[in-house]
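Scroll down for the structure; my scribbles are underneath it.
The analysis underlying the following values was restricted to heavy atoms, covering all of them including side chains, and did not include hydrogens, waters or symmetry mates. This one's a predicted model, so the numbers in the text were calculated from it and none came from an experiment.
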Amino acid sequence: MIRALFRLMSYAIVVINLLSCGTFLYIIAPYTSYFFFNDLRFWNYLKYYHKYYFYSAAYIWGLLSREQGLIKTVLPLTSPPMDRPDPTLFRISKQWTLPEDSCGECNRCCTFIVDCCFLDTSGNRCLCYGSLFWKYFNCGRFPSSQAMRDYCECPKFETRG
């Protein structure tokens with residue numbers, strides 16, 4: 001029940017932020033900073049708040065306008081937070097030579113609908129790695145299906161079995 005309320009509140013924040021033309025994240029800046037970056041020092045992250053407004057709008061439009069069928073199932077509201085894909089479905093590929101907490105040069109899952117505003121392309125790293133946002137939504141559980149793994153051509157994971 002708490003997970004569902006948390007996700008619903010997160011969706012409501014996105015809607016309110018879109019309706020307020022991006023100003024709402026600034027109003028709730030300490031929460032926004034902790035949610036995305038695990039850090040209450042919001043002044044360090046203000047430059048990303050407006051980017052998230054445009055990212056949210058583009059992402060929602062991308063989800064609604066695509067006919068790929070990749071996102072037919074919505075993340076259940078009560079799903080637990082995850083920091084890796086379902087271990088009953090996926091494992092690290094035998095060909096993967098990098099550390100398990102690295103994706104190397106690959107960022108296909110961060111760019112398959114629109115480029116994520118939290119992807120630091122200069123350092124090829126996720127700025128919200130390990131945050132509440134990352135764990136509660138799709139980032140931490142990627143890939144969530146074989147179709148998603150195949151579509152992004154993820155070299156890190158392979159199907160169990």
(request) Check salt bridge (charged side-chain N to carboxylate O under 4.0 Å, His left out) between Asp83 and all other residues, then give those that pass, not counting sequence neighbours. (result) none

(message) Once you measure the plane-to-plane angle for Phe133 and Phe35, does it fall in the parallel (<30°), tilted (30-60°) or perpendicular (>60°) bin?
(response) perpendicular

(request) May I ask you to decide if the ring planes of Phe118 and Phe37 are parallel, tilted or perpendicular, using 30° and 60° as cut-offs? (result) perpendicular

(message) If you count heavy atoms of other groups shown closer than 6.0 angstrom to CE of Met9, is the number above 12?
(response) yes

(request) Give, for atom CD of Glu158 and atom CD of Gln95, the distance between the pair rounded to the nearest 0.5 Å. (result) 6.5 Å

(request) For the residue pair Asp39 and Tyr45, confirm or rule out a side-chain donor-acceptor distance under 3.5 Å. (result) yes

(request) Ignoring hydrogens and angles, tell me if any N or O in the side chain of Arg7 forms a donor-acceptor pair with the backbone of Ser79 under 3.5 Å. (result) yes

(request) Hey, can you tell me if His50 and Phe54 have their rings parallel, tilted or perpendicular (30° and 60° cut-offs)? (result) perpendicular

(request) Test side-chain hydrogen bond (donor to acceptor under 3.5 Å, both in side chains) on Tyr53 and Asn17 and set out the steps. (result) CA-CA 7 Å; Tyr53 169 77; Asn17 192 52; over 6 Å; no

(message) Using a 3.5 Å distance criterion without hydrogens, assess whether the side chain of Lys51 forms a donor-acceptor pair with backbone atoms of Cys116.
(response) no

(request) For Arg3, enumerate each residue passing the salt bridge (charged side-chain N to carboxylate O under 4.0 Å, His left out) test, keeping only those at least two apart in sequence or located in another chain. (result) none

(message) Using 0.5 Å steps for rounding, measure from the CG atom of Leu77 to the OG atom of Ser10.
(response) 10.5 Å

(message) Could you check whether Phe36 and Tyr52 have their ring centres less than 6.0 Å apart?
(response) yes

(request) Please check if Phe24 and Tyr59 belong to a single hydrophobic cluster, counting links between Ile, Leu, Val, Met, Phe, Trp and Tyr side chain heavy atoms closer than 4.5 Å. (result) yes

